[in-house]
2 protein chains.
Amino acid sequence: MSKLAQEKEKFVRYLNKTGVTLTHGRQTVFDEAMKAHGHFAPEELVKQCQSHHRRVSRATVYRGLNELLEAGLIRKTAFGEKHQHFEHIYDEKPHHHARCIRCGIMIEFPDLKEDKVYTPLLEQQKFKILGHEMHFYGICKNCQSGK
Amino acid sequence: MSKLAQEKEKFVRYLNKTGVTLTHGRQTVFDEAMKAHGHFAPEELVKQCQSHHRRVSRATVYRGLNELLEAGLIRKTAFGEKHQHFEHIYDEKPHHHARCIRCGIMIEFPDLKEDKVYTPLLEQQKFKILGHEMHFYGICKNCQSGK
DNA sequence: TCATAGATGATACACTGTCTCATAATTGAC
DNA sequence: GTCAATTATGAGACAGTGTATCATCTATGA
């Protein structure tokens with residue numbers, strides 16, 4: 001079974017558990033989110049969904065993204081920007097981000113499993129971890145030399 | 001010298017370096033940002049600045065916050081929410097956050113210096129690190145039992 | 001004192017994520 | 001298969017955020 005099919009199954013399992021069905025809208029959001037390369041903003045996904053399929057509303061996309069998030073298929077990468085970003089998890093090497101606060105460029109670097117230090121702390125509080133992100137901010141090489 | 005005074009000096013040093021002066025507006029934003037307890041959203045700071053001082057515009061506050069950020073006096077904590085959050089650094093124990101994606105509650109936990117693993121990676125790319133945040137997301141205890 | 005450069009306030013702006021509600025689709029009971 | 005009840009959806013309204021603009025004000029140094 002392909003990784004994508006596995007993800008689909010995971011999604012359906014989640015939907016069943018919460019007592020809702022895999023409708024056309026959810027299917028579309030799932031398809032496009034899994035198809036995306038790298039990060040995407042919700043509004044980008046709205047465009048994608050609307051270009052390839054019959055009309056899907058913004059509301060449905062936003063709702064669907066939350067479901068995918070809770071199902072653990074995508075993660076929210078929060079860069080302190082105006083809008084949210086997501087990325088799917090399957091097929092990606094775990095990585096983190098460093099962002100330049102001047103130009104916004106993003107540098108990716110591999111996940112080194114440093115989060116293991118923290119998981120006991122959170123589990124102790126019965127916090128169910130869906131994901132984590134190590135987020136650095138600073139000034140990139142170019143912006144330093146530019147000024 | 002108090003910690004606060006040290007921060008002020010750090011700020012002035014930064015301003016000098018970038019060739020600007022400590023004006024009334026910047027002073028106000030500095031004061032209120034340092035006075036804040038825990039996280040604050042920019043708009044909250046706008047209110048603060050406008051209630052305690054003579055009129056300071058939103059623009060000035062937003063501009064000032066960026067300067068404080070670059071000067072390394074505050075950090076941006078990005079929770080993937082609609083708006084940004086900041087917190088000042090002085091006088092705070094380094095800590096990170098876990099956020100519940102359902103109710104938004106925030107759990108703080110101490111910084112365990114796990115970032116040390118990554119700094120060489122970024123320094124190698126000449127990325128000047130201003131700060132970092134370890135960000136977990138998931139479902140909190142209450143939201144798990146609530147459903 | 002004056003000219004210049006920088007800082008500010010007011011406001012407009014685009015955009016985001018959420019909410020509402022009427023309509024449509026789906027499901028299960030019969 | 002039909003119908004009623006429940007759930008999902010689309011369209012649009014909405015408030016709020018962070019940025020940009022630009023005319024006015026302020027500070028600085030010659």
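Here is the naming used below: chain letters follow the sequence lines, and residue numbers restart at 1 for every chain.
For the pair Phe86(B) CZ and dG18(D) C1', the interatomic distance rounds to 10 Å; values are reported in whole Å. Remark: C1' of dC15(C) and NZ of Lys47(A) are 11 Å apart, rounded to the nearest angstrom. For the pair Gln27(A) CD and dT26(C) C1', the computed distance is 16 Å after rounding to whole Å. Rounding to whole angstrom units, CD of residue Glu43(B) and C1' of dA15(D) are separated by 12 Å. The interatomic distance linking Leu65(B) (CG) with dT17(D) (P) rounds to 13 Å, in whole Å. When rounded to the nearest whole Å, the span between CG of Leu45(B) and C1' of dT17(D) equals 15 Å. Rounded to whole Å, the distance from CG on Leu22(B) to P on dT28(D) is 11 Å. To the nearest angstrom, P of dG17(C) lies 4 Å from OH of Tyr62(A).
Taking the side chain as every heavy atom from C-beta outward, Leu4(B) and Met34(B) approach each other to under 4.5 Å. Using a 4.5 Å cut-off on side-chain heavy atoms (C-beta onward), Leu15(A) and Phe30(A) make no contact. Within the 4.5 Å cutoff, the side chain of Pro110(A) has no heavy atoms near those of the His95(A) side chain. With contacts defined as side-chain heavy-atom distances shorter than 4.5 Å, the pair Glu32(B)/Val56(B) does not qualify.
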Using nucleotides 4-7 of chain C, report all nitrogen or oxygen pairs with the protein that are shorter than 3.5 Å.
{"residue": "dA7(C)", "atom": "OP1", "partner": "Arg26(B)", "partner atom": "NH1", "Å": "3.1"}
{"residue": "dA7(C)", "atom": "OP1", "partner": "Arg26(B)", "partner atom": "NH2", "Å": "3.1"}
{"residue": "dA7(C)", "atom": "O3'", "partner": "Thr23(B)", "partner atom": "OG1", "Å": "3.3"}

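Note on ring orientation: taking the six-membered ring where Trp is involved, the planes of His85(A) and His39(A) are perpendicular (angle over 60°, cut-offs 30° and 60°).
Applying the side chain to side chain contact (heavy atoms under 4.5 Å, CB included) test to Arg58(B) and every residue at least two apart in sequence or in another chain returns Glu43(B), Val46(B), Tyr62(B). Partners of Glu7(B) according to the salt bridge (charged side-chain N to carboxylate O under 4.0 Å, His left out) rule, which considers only residues two or more places apart in sequence or in another chain, do not exist here. The side chain to side chain contact (heavy atoms under 4.5 Å, CB included) search around Gln125(A) returns Ile107(B), not counting sequence neighbours. With sequence neighbours left out, Thr119(B) forms a side chain to side chain contact (heavy atoms under 4.5 Å, CB included) with Phe136(A), Asp115(B), Glu123(B), Ile129(B).
Under 3.5 Å, the side chain of Arg58(A) and the base of dG10(D) form no donor-acceptor pair of N or O atoms.
Fit an axis to the five pairs at each end of the helix from dT1(C)-dA30(D) to dC30(C)-dG1(D) and the two axes sit 20° apart, to the nearest 10 degrees.
Set against dT16(C), dG9(C), dT9(D), the side chain of Val56(B) has dG9(C) as its closest nucleotide.
Residue whose closest nucleotide on DNA chain C sits further toward the 5' end, between Arg63(B) and Ala59(A): Arg63(B).
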